[in-house]
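What follows is a single structure, written as structure tokens, with notes after it.
Side chains are part of it too, since the values below use all heavy atoms of this structure and drop only hydrogens, waters and symmetry mates. Below, chain A is the first sequence line, B the second, and so on; all start at residue 1.
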Amino acid sequence: GQQVMQIPQYQHVQEGEDFTTYCNSSTTLSNIQWYKQRPGGHPVFLIQLVKSGEVKKQKRLTFQFGEAKKNSSLHITATQTTDVGTYFCAGQLNNAGNMLTFGGGTRLMVKP
Amino acid sequence: DTAVSQTPKYLVTQMGNDKSIKCEQNLGHDTMYWYKQDSKKFLKIMFSYNNKELIINETVPNRFSPKSPDKAHLNLHINSLELGDSAVYFCASSQDRGLAGSWSTDTQYFGPGTRLTVL
């Protein structure tokens, strides 16, 4: 079964509201990456987290990696219509060579 | 210049046919991948390949086979196409770092995708 779970599947927000997507793995991850896929587009890399408890920020986006390296979150402050898309977490499992296991994605829709 | 390119962008074909999708990367990366994204947007790794190792996701039917003529190309060949093969297929590449016998994967760069429709 799927080893990296992501919630929620969908999220509708009003422009200006905050948004958070959560990622959970059944096993410890070597690292976790986040990607954004715009409608009709391809996944684009956002960030990679490697250390336990790591927090990284990119403008309005805040990424966290859990202490146990099994969960992660992406938080967007004050969403804009340009934030629309599907956000994927992708974890590298310790026994999976160099392959990433993607979460199911969270589709964000922003109402102007 | 496009870093990772795929052809064709769209592919419509009949059940039972054999087809190939081509992928090229000009980033000088060591490793290339194929992913399948279904209608629910689930993104599943199919293959990971570098000049040393092919890793196959065990759930991938053996009708699917990657073929790499050189380091910059990884084509996907599909035999006896089935209705359930309809999906968007993404190629990707990354520069991987081997660390004491294990691999650490770097940023993956995705191609634009090929939408395959099997009728």
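Between Gln108(B) and Tyr35(A), the closest heavy-atom pair is N-OH, 3.0 Å.
Within a 6.0 Å radius of CZ in Arg60(A), more than 12 heavy atoms belonging to other residues, nucleotides or ligands are found. For Tyr109(B), the OH atom sits in a loose shell: 12 or fewer heavy atoms of surrounding residues, nucleotides or ligands are nearer than 6.0 Å. Annotation for Lys22(B): atom NZ does not count as buried by contact number, only 12 or fewer foreign heavy atoms lying within 6.0 Å. Environment of CZ in Phe45(A): crowded, with over 12 heavy atoms of neighbouring residues, nucleotides or ligands closer than 6.0 Å. Heavy-atom contacts from other residues, nucleotides or ligands closer than 6.0 Å to CG of Asn62(B) number 12 or fewer.
For Tyr33(B) (side chain) and Leu100(A) (main-chain N/O), no donor-acceptor pair under 3.5 Å exists by modelled atom type.
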Could you please spell out the steps behind the side-chain contact (heavy atoms from CB on, under 4.5 Å) verdict for Gln37(A) and Phe110(B)?
CA-CA 10 Å; Gln37(A) 183 177 18; Phe110(B) 283 77; over 6 Å; no
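Rounding to the nearest 0.5 angstrom, the gap separating the CD atom in Gln37(B) from the CZ atom in Phe102(A) is 9.5 Å. Taking CZ of Arg107(A) as the reference point, atom NZ of Lys40(B) lies at 14.0 Å (rounded to 0.5 Å).
With a 4.5 Å cut-off on non-hydrogen atoms, Leu43(B) touches chain A through its backbone and its side chain both.
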